[in-house]
2 protein chains.
Amino acid sequence: MATIYEVAELAKVSLATVSRVINGNVKVSPKTLDKVKAAMDELGYRPNSIAQSLASNRTNRVGVLVSELSGPFFSNMLSIVEQELRAAGKHAIIAAGHSDEKSEKAGIEFLLSCRCDALILHVDCVSDEYLLELHRQDIPFSIINHRIEALSDRCFTVDNEMGGYLAAKAVLAAGHRKIAYISGPSFKEDAQLRLAGHKRALAEYNIEFNEALHCTGNYQEEGGKEALHTIYQQNSDFTAVVCANDEMAVGAMFSARELGFSLPETLSIAGFDDLIFARYTYPTLATVHNPISDMGSMAAKWILREVYNNSSSEELINVFRPEFVTRRSLNLLS
Amino acid sequence: MATIYEVAELAKVSLATVSRVINGNVKVSPKTLDKVKAAMDELGYRPNSIAQSLASNRTNRVGVLVSELSGPFFSNMLSIVEQELRAAGKHAIIAAGHSDEKSEKAGIEFLLSCRCDALILHVDCVSDEYLLELHRQDIPFSIINHRIEALSDRCFTVDNEMGGYLAAKAVLAAGHRKIAYISGPSFKEDAQLRLAGHKRALAEYNIEFNEALHCTGNYQEEGGKEALHTIYQQNSDFTAVVCANDEMAVGAMFSARELGFSLPETLSIAGFDDLIFARYTYPTLATVHNPISDMGSMAAKWILREVYNNSSSEELINVFRPEFVTRRSLNLLS
DNA sequence: TTGTAGGCGTTATCAT
DNA sequence: ATGATAACGCCTACAA
């Protein structure tokens, strides 16, 4: 592969001039520009990005850490982040932390060892303290789905409390009063907020939150299955179950049929996230739309602006408003 | 960040020695090894992978091109490929071609401009000729879901013909004789093969393939919806519809209900791929399991072995045997 | 506007 | 086993 030297030689100019036309930030006379471009074409020259990185101390790599790579949750977000970065000539390096702290830290370490210029983080388990430490080390990053007040400009979230509120409110508005709730793991911030929103809606209707109708799940299908059985044993008197995410809702659907409910006639179900398959379940799943892709897009744009000085004037949205998407799994009580 | 120079100075050895302990391939005396390691610890030294790449002409990057990043098809595969590569200290760079030739070529160009040591390709539209040209340029790559005879050792596929055969056979074995077929885009190799397998099964049962019961879809949900309507207008006399992938099957389910069928009583449906949501549809979708993740794993292992001389003795499987997974959407005719 | 030269942090090839 | 030293391909003052 041709190097900058050969181009310089063929074009009868110096290295520096070739470098200038590559980067295009310093003026070069039209004549030499032509000469150099012709030489580059002739040799099929491609700049060596590694050498560029070494000399400029910029890798043009952005590390993206998601808590899970498999599963339906992240693929659209990754797709958008990758597009956004690639359009700006940056490379996305993707790593997965598997929803435990050690693995997430290892993922971050890995990305740093790749010499990423910046990181986009969707983490569940890592402490704020760790992230603040990262910030003190002058490592630029943006955060998806988690808010740290001190770094709020780089945090992109959905209002999970509001989402929990909207789901409960929709179920209440449909006439349900005996409502079971399957929450996410209590150490996860979004799970806490969704639950808080749920309780707020109940309070508005003067309904007490009934612990016998509550069970904590693990955000996974299996957890949803088990949780519904657990609740049913404690108290079988409910007409709706709200789940803190769609995967658990699918599990709950499964168990509901095992328990003899018919959906949605004798039991309504609501989820959260609006994953792709929410339209495929039967009945289709009423759920809160979680704009995870939009958050990814914003996180990427923040990096482009702050780290690479991309001067897009687009306004970034830090907190998205969720919306409830009603579907067949929510039955209107007459 | 500390450099190798500082480590060498602190440990009172030469650069070269430090480099040796980093790479660990040349013997170093235990005493100096300790000294160097102590110095590295003290300085919090981390090798600069960029500089390593420049000097060694190895980037340890593997480019992964998938035809679609969004959607449920690839996320599991990517997850496995990333794990496999990272375990070997390689970085996955992911790019998406959007199922058209230009975009796929652009994706490959992009990955090459990243100086990837090798590529893993899941392409739909790029010609064999282009891939062979890539090969002539000594760019190492492995291929998923497409077979080129001249490069068969690096191609990892599922036997699509067999899959088409198995699906049809299962439907036939369930007693169906009037079977509609929604095929994938005819320019896609896997679509052709699946159709061929379907026809072979019909032939075994001495059933003629009826073009009035056939429609070509686009592998997407919308295509499946439209295709079933089209077929129904041509000929409404069928008891089962086999779809060339799950997404179209979901669309077909939707249209089937619009047309007044009840599932699976009056219409059986079968898919292909066994995507995650096949277990969530109602009725659950009988389909052909497509071991896309396994193919990814093999493709990664091939790269590790051939490009990085990873001496794993594990035998690689080039062609996977599909299996039919029967579920509720397939009704047994009595 | 253009050229010169030093440096970026390694690896690799020689010697020793 | 260890040490000098020359690449690796480019960027970036500084000089012309």
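Residue numbers start from 1 in every chain, and the chains themselves are labelled A, B, ... in the order their sequence lines are given, proteins ahead of strands.
Across every non-hydrogen atom of B:Phe156 and B:Ile317, the tightest pair is CD2-O, 3.2 Å.
At whole-Å resolution of the value, NZ in A:Lys12 and P in C:dG3 are 12 Å apart. Between B:Ile50 atom CD1 and C:dC8 atom C1' the separation is 11 Å, expressed in whole Å.
The residue B:Arg46 sits close only to the backbone: its heavy atoms come under 4.0 Å of sugar-phosphate atoms, none of a base. Across all strands, A:Asn23 comes closer than 4.0 Å only to sugar-phosphate atoms, never to a base (heavy-atom distances). As judged by a 4.0 angstrom heavy-atom cut-off over every strand, A:Ser53 is placed among residues making no nucleic acid contact. Among the atoms of the strands shown, base atoms are found under 4.0 Å from some heavy atom of A:Ser19. Here A:Val13 lies in heavy-atom contact (under 4.0 Å) with sugar-phosphate atoms only. No contact: B:Ser49 has no heavy atom under 4.0 Å from any strand.
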Derivation of the salt bridge (charged side-chain N to carboxylate O under 4.0 Å, His left out) call for A:Glu109 and A:Lys105
CA-CA 6 Å; A:Glu109 292 295 316; A:Lys105 281 190 183 172; over 6 Å; no
*After noting the C-alpha distance and the side-chain angles of A:Asp117 and A:Thr59, does the key distance pass the side-chain hydrogen bond (donor to acceptor under 3.5 Å, both in side chains) rule?*
CA-CA 6 Å; A:Asp117 293 332; A:Thr59 60; 3.1 Å; yes
Report task. List the steps and the verdict of salt bridge (charged side-chain N to carboxylate O under 4.0 Å, His left out) for A:Glu129 and A:Arg136. Result -> CA-CA 10 Å; A:Glu129 194 37 59; A:Arg136 267 178 240 119; 3.1 Å; yes
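Considering only the side chain of A:Lys27, C:dT1 comes nearest among C:dT10, C:dT1, C:dC8.
For residues 2-11 of chain B, proximity to DNA chain D is found at no residue, defined as any non-hydrogen atom under 4.0 angstrom from a strand atom.
Here the range on DNA chain D touched by chain B, meaning any atom under 4.0 Å from one of its heavy atoms, is D:dA1 to D:dG9.
Each of B:Ser56 and B:Thr32 lies near DNA chain D, and the nucleotide nearest B:Thr32 is the one positioned closer to the 5' end. The residue among A:Asn25 and B:Thr17 whose nearest nucleotide of DNA chain D lies closer to the 5′ end is B:Thr17.
The terminal axes of the helix from C:dT1-D:dA16 to C:dT16-D:dA1, fitted over 5 pairs per end, subtend an angle of 30° to the nearest 10°.
Between A:Lys37 and A:Glu42 there is no salt bridge, since none of the side-chain N atoms of the basic residue sits less than 4.0 Å from a carboxylate O of the acidic one.
Using modelled atom types, no side-chain atom of A:Ser103 and backbone atom of A:Asp100 make a donor-acceptor pair closer than 3.5 Å. Not a single donor-acceptor pair under 3.5 Å links the side chain of A:Ser142 to the backbone N or O of A:Trp302.
Screening B:Asp124, B:Thr157, B:Asp190, B:Asp128 for a side-chain hydrogen bond (donor to acceptor under 3.5 Å, both in side chains) involving B:His146 leaves a single residue, B:Asp128.
For the pair B:Lys90 and B:Tyr308, the cation-pi test (distance below 6.0 Å, angle within 45°) is passed.
Going from atom OG1 of B:Thr32 over to atom CZ of B:Arg20 covers 10.0 Å, rounded to the nearest 0.5 Å.
The shortest distance between side-chain heavy atoms of B:Val158 and B:Met295 falls below 4.5 Å.
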